[in-house]
2 protein chains.
Amino acid sequence: MEIQRLTDKGFTTKTFQKDAIIYEPGMQPRYVYFIQSGEVRMVTISDDGKEFIQGVFKAGQYFGEPALLIDKPYLAFTIVNKVSRIIQVNRQDFFALIENEPDFSMSLIKTLSRRLFYKSMMLEELANEKAEHRLLTIINYLLPDVAVGAPLKVTRQELADMTGLRVETVIRGVKLLSKKGLISLSGGKIIRLE
Amino acid sequence: MEIQRLTDKGFTTKTFQKDAIIYEPGMQPRYVYFIQSGEVRMVTISDDGKEFIQGVFKAGQYFGEPALLIDKPYLAFTIVNKVSRIIQVNRQDFFALIENEPDFSMSLIKTLSRRLFYKSMMLEELANEKAEHRLLTIINYLLPDVAVGAPLKVTRQELADMTGLRVETVIRGVKLLSKKGLISLSGGKIIRLE
DNA sequence: TTATGAATATGATGCAGATCATAAATCGGG
DNA sequence: CCCGATTTATGATCTGCATCATATTCATAA
């Protein structure tokens with residue numbers, strides 16, 4: 001995996017504690033961040049303090065490239081969910097990585113494409129669909145990542161922050177979806193069937 | 001420019017008439033589309049027929065790569081705005097392009113990053129901000145592309161379809177923004193100052 | 001010019017979801 | 001097993017924007 005190759009090359013790891021802010025909107029990008037372990041969330045926060053989850057990144061993934069690549073200040077906060085060990089790769093080294101490692105370049109292209117896909121999907125939802133539809137869409141998007149019969153490890157608040165809704169609306173919406181048989185609940189948790 | 005190189009290599013051009021649908025949601029991607037001339041829009045359409053503009057593509061640009069790269073069916077329609085001459089590059093040739101032309105690969109990465117940036121910005125707007133704020137944001141996003149003193153060539157309906165609002169709301173919103181001095185109008189058109 | 005369709009405009013009404021308040025259930029750590 | 005904190009739950013009210021209806025203005029071709 002990419003992280004291994006980086007440590008082999010002598011890149012060092014930095015530890016960030018829970019709730020640490022790795023960068024915030026307006027800052028000029030200096031690094032691309034590769035996660036060795038832990039988890040971070042990328043969120044925008046409106047004037048009245050409401051978070052919107054732009055993405056969640058885990059071990060083996062990287063974040064912060066788009067801003068660095070097009071040389072524009074960050075739009076979002078990146079905040080640590082679980083203590084994380086992170087490799088900061090500066091602009092020069094990152095460009096070298098792209099130019100000298102064709103398979104990294106290809107995987108970056110695919111990663112960007114996947115994120116773009118997700119954002120296009122959510123944009124359509126936020127622009128045109130109402131609460132229940134939005135909820136069903138992210139739930140179905142998240143479910144394939146959990147084992148059959150296992151629950152979705154996500155709070156109603158997190159669903160709210162991914163869909164631009166409010167907790168109360170998510171709580172009511174999830175209940176309705178379950179009543180309609182479109183999802184199945186078990187002890188409050190959303191369960192993957194089949 | 002990339003298009004020139006493609007025609008040099010013997011790729012041929014196909015003409016699409018206004019309002020032609022190049023692809024639609026659910027279709028399996030087979031090509032990446034390079035625009036030689038003309039203009040297309042990429043839109044998602046909700047059950048009740050409301051369009052959301054995911055992007056607009058003009059001469060020299062290409063579209064359709066993300067779906068092809070991650071091998072998932074299209075999410076959106078791509079519809080011709082103005083008669084267009086388009087080069088269809090199939091999967092194999094497109095991958096060859098990425099692998100054999102390092103500068104194309106880099107420009108693709110930057111293009112994807114720019115689109116991602118735009119979508120992140122709009123997601124925050126649609127999730128958290130109300131009509132006036134959304135309008136000010138796209139207007140300020142679009143303005144740098146027009147000459148100083150020139151008007152924005154965009155209808156209220158198009159602004160509506162980019163922001164997830166309704167025409168009436170856009171009309172009232174634009175008027176308010178101008179009253180507040182946040183934008184300037186001239187004969188109904190939004191003007192770039194300085 | 002005038003006709004005709006598109007774009008802009010404006011008022012009235014309805015409704016989904018935000019907001020506010022308060023409570024019950026569940027969870028994680030000592 | 002208990003306790004404080006987090007998460008889920010539920011009702012009441014408020015509000016921004018959608019929706020509907022109907023003009024008016026603006027372009028463009030005949």
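Naming: A, B, ... by sequence-line order, numbering from 1 per chain.
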Mind checking who shares a hydrophobic cluster with A:Val167, ILVMFWY linked at side-chain heavy-atom distances under 4.5 Å?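 Other cluster members: A:Ile171.
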Would you call [X]-[Y] a salt bridge at under 4.0 Å N-O?
X	Y	value
B:Arg115	B:Glu65	yes
B:Glu39	B:Lys82	yes
A:Asp71	A:Arg91	yes

Please identify the 5'-most and 3'-most nucleotides of DNA chain C with any atom under 4.0 angstrom from a heavy atom of chain B.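 From 5' to 3', the first and last contacting nucleotides are C:dT8 to C:dA12.
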Considering residues at least two apart in sequence or located in another chain, which fulfil the side-chain hydrogen bond (donor to acceptor under 3.5 Å, both in side chains) criterion with A:Lys180?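 Testing A:Lys180 for side-chain hydrogen bond (donor to acceptor under 3.5 Å, both in side chains), a comparison that skips the adjacent residues, returns A:Glu132.
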Please list, chain by chain and in numerical order, all residues satisfying side-chain hydrogen bond (donor to acceptor under 3.5 Å, both in side chains) with B:Tyr33, sequence neighbours excluded.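 B:Tyr33 satisfies side-chain hydrogen bond (donor to acceptor under 3.5 Å, both in side chains) with no residue once adjacent residues are dropped.
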Interface with DNA chain C, restricted to residues 119-135 of chain B and to heavy atoms under 4.0 Å: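 None - not one residue of the stretch has a heavy atom sitting under 4.0 Å from the strand.
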Which of residues 171-180 of chain B sit near DNA chain C, with a heavy atom under 4.0 Å from it?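 Heavy-atom cutoff 4.0 Å gives B:Ile171, B:Arg172, B:Lys175.
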Under the side-chain contact (heavy atoms from CB on, under 4.5 Å) test, which residues partner [X], sequence neighbours left out?
X	result
A:Asp145	none
A:Arg172	A:Glu168
B:Ser37	B:Arg85

Are B:Tyr141 and B:Leu152 connected in a single hydrophobic cluster, I mean Ile/Leu/Val/Met/Phe/Trp/Tyr linked by side-chain heavy atoms less than 4.5 Å apart?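 Yes: a chain of side-chain contacts under 4.5 Å links B:Leu152 to B:Tyr141.
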Show the numbers, then the answer: is there a ring pair (Phe, Tyr, Trp, His ring centres under 6.0 Å) between A:Phe104 and A:Tyr62? CA-CA 12 Å; A:Phe104 174 70; A:Tyr62 41 85; 5.7 Å; yes
Given that B:Gln157 and A:Thr169 both sit by DNA chain C, which one's nearest nucleotide is further toward the 5' end?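 Its nucleotide being nearer the 5' end, the pick is B:Gln157.
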Return whichever of A:Leu165 or A:Lys189 has its heavy-atom-nearest nucleotide of DNA chain C closer to the 5' end.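 Looking at DNA chain C, the more 5' nearest nucleotide goes with A:Leu165.
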How does protein reach along nucleotides 21-30 of chain D, written 5' to 3' as B (base within reach of a heavy atom under 4.0 Å), S (only sugar-phosphate), or - (no contact)? ----------
Using distance alone, with no hydrogens and no angle criterion, decide if A:Lys119 and A:Gln54 have a side-chain donor and acceptor under 3.5 Å apart.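 Result is yes, a qualifying pair exists.
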From B:Leu126 CG over to B:Leu165 CG, what is the distance, rounded to the nearest 0.5 angstrom?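 Between B:Leu126 CG and B:Leu165 CG, I get 8.0 Å after rounding to 0.5 Å.
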Rounded (10°) bend between the five-pair end axes of the helix from C:dT1-D:dA30 to C:dG30-D:dC1: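 If I round to tens, the end axes sit 60° apart.
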Just to verify, what does B:Phe117 make a ring-ring contact (aromatic ring centres under 6.0 Å, His included) with, not counting sequence neighbours?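 Result, ring-ring contact (aromatic ring centres under 6.0 Å, His included) vs B:Phe117: none returned.
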Which whole-number value in Å describes the distance from B:Asp48 CG to D:dC17 P?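 For the pair B:Asp48 CG and D:dC17 P, the rounded distance is 19 Å.
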Relative to the ring of B:Tyr23, is the ring of B:Phe63 parallel (under 30°), tilted (30 to 60°) or perpendicular (over 60°)?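 B:Phe63 vs B:Tyr23 ring planes: tilted.
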